[in-house]
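Below you'll find the structure, written out as structure tokens, and then a few comments.
In each ligand, atom 1 is the first atom listed, and ligand 1 is the first ligand listed.
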Amino acid sequence: MNILLLGSGGREHTLAWKLNQSPKLNQLFVAPGNAGTSVIADNIPISVNDFEAIKATVVNNDIQMVVVGPEDPLVNGIHDFFLNDPDLQQISVIGPQKEAATLEGSKEFAKQFMMRHNIPTAAYQSFTAATLNEGFAFLESLQPPYVLKADGLAAGKGVVILSELEEAKMELQRMLVDAKFGDASTTVVIEEFLSGIELSCFVLTDGKDYKVLPTAKDYKRIGEGDTGLNTGGMGAISPVPFADASFMEKVQKRIIAPTMEGFQKDRIPYQGFVFIGLIKVGEDPFVIEYNVRLGDPETEVVIPRIKNDLVEVFEAVAQEQLRNINLEIEKRATATVMTVSGGYPEAYEKGKEISGLTSIKDSLVFHAGTTLKKGKTVTNGGRVLAITSYGTDFKEALAQSYQNVKNISFEGMYYRSDLGFDL
Ligand code: AMP
Ligand code: GLY
């Protein structure tokens, strides 16, 4: 079968690498892709949000399945666009429809879903400019630190955590009245601060059945010891050592099962990945957020641990046959180290030539932000390359990635050398 994969990051290069191993695959297209995907697939230079161009690509290349990497096209309704077009109705789309994607597109919608289905999460209230004073009063009733979340998508920047009440009130005003995050902060969710350690849990569902994928932990801060600004993710490991059998039993019973039953009860169709951002408070799991896609860089450690033919698994999702799939998970651990451009997550330069790529033999190199320029691979984003390795445990896997990352260089290259420090 011919498959179109949407996206251009490390998540998509990893998915492309895995799909490419399937005997069921005929031709793989990635839109827009990166230098890494260009080696194993045909890159199509179109935007993930240009649905008409995607339609033309699908029709012209006899594509039978579209796999959606990032959240944007899902929140914009790409799956619905396919279902509503007679020319595209028969094409399988891996990724939920717009209604379910609202779980990621609106924090308030996600909170209401969790409340309705008794899924443990931080206590909250939501406010608009019309209820600013009630918002101030709610902040006064809370203990610091204060967690303020823009309701809509804000490129990963919409969550602000502040330790002072006055700062929190000013921030609430900036979000609601001064539209700090544009339309995304028309509504703001204020919630109780939860103190604990975070992890990512992934579920793949066909709308009827589901499979729980390996857990992962990503490292979001730019600086060693989890300091400095938030990034898209500086590395990840899988599995998560503290997510042991007894903890995962609680996650299954209190969170995964009620989430899946919630989709049934609310009649929300869902075919694709559910990414549950969890926090372990004491011994108990709480949901921090839902995403409707795989995480990045979590994909770079989770997908390499799945032994199945991914095309077969996705076909089962599209045909509501996931119950017939027996997921086989690699026992070895994985770790990935993200190399980033100097200056990231603030201003950084692009177009730096990358050297050493072909010298990496015993790690996998997934491109995150790269492109080809005059036949050379150059940097094209903040996050540039993810170096993934296997090991008997995450420490061994990390050590291997750290060994191999030394062979790679580009001007301004930076990576965190303390991943796993907290485990
Ligand atoms: P989100 O965009 O919802 O994932 O939030 C971004 C980050 O803010 C999370 O990864 C957490 O580190 C932090 N965070 C969000 N909500 C809370 C909360 N209720 N308590 C503590 N930390 C939180
Ligand atoms: N690594 C977190 C995310 O993909 O949202």
Do F263 and F113 have ring centres separated by under 6.0 Å?
-> yes
For ligand 2, find each of its N or O atoms that sits under 3.5 Å from a protein N or O atom, and tabulate the pairs with distances to one decimal place.
from, atom 1, to, atom 2, distance (Å)
ligand 2, 1 (N), D218, OD2, 2.8
ligand 2, 1 (N), D296, O, 3.0
ligand 2, 1 (N), E298, OE1, 2.8
ligand 2, 1 (N), E298, OE2, 3.4
ligand 2, 4 (O), R293, NH1, 3.0
ligand 2, 4 (O), D296, N, 2.9
ligand 2, 5 (O), R293, NH1, 3.4
ligand 2, 5 (O), R293, NH2, 3.0

Quick check: does any side chain N or O of T131 sit under 3.5 Å from a backbone N or O of E134, one acting as donor and the other as acceptor?
-> no
Should the pair F247 and F242 be assigned to parallel (<30°), tilted (30 to 60°) or perpendicular (>60°) ring geometry?
->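 F247 vs F242 ring planes: perpendicular.
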Can you label the angle between the F51 ring and the F81 ring as parallel, tilted or perpendicular, going by 30° and 60°?
->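 The rings of F51 and F81 sit tilted, inter-plane angle from 30° to 60°.
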Contacts of E396 that satisfy side chain to side chain contact (heavy atoms under 4.5 Å, CB included) - sequence neighbours left out =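 Only T392, D393 meet the side chain to side chain contact (heavy atoms under 4.5 Å, CB included) criterion with E396.
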Determine which pairs satisfy side chain to side chain donor-acceptor pair (under 3.5 Å) with at least one residue from residues 5-19, sequence neighbours left out, and list them in order.
->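 Qualifying pairs: none.
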Hey, which residues fall under 4.0 Å of ligand 1 on heavy atoms?
-> K107, A122, V147, K149, V159, I161, E191, E192, F193, L194, E198, K220, I288, E289
With the side chain counted from C-beta on, respond yes when V287 and R254 share a heavy-atom pair under 4.5 Å apart, and no when they do not.
->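 Contact flag for V287/R254 side chains = no.
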V384 and side chain to side chain contact (heavy atoms under 4.5 Å, CB included): which partner among T339, V340, N34, I408?
->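 Single pass found, and it is T339.
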Cation over ring face, K350 and Y348, 6.0 Å, 45° | no
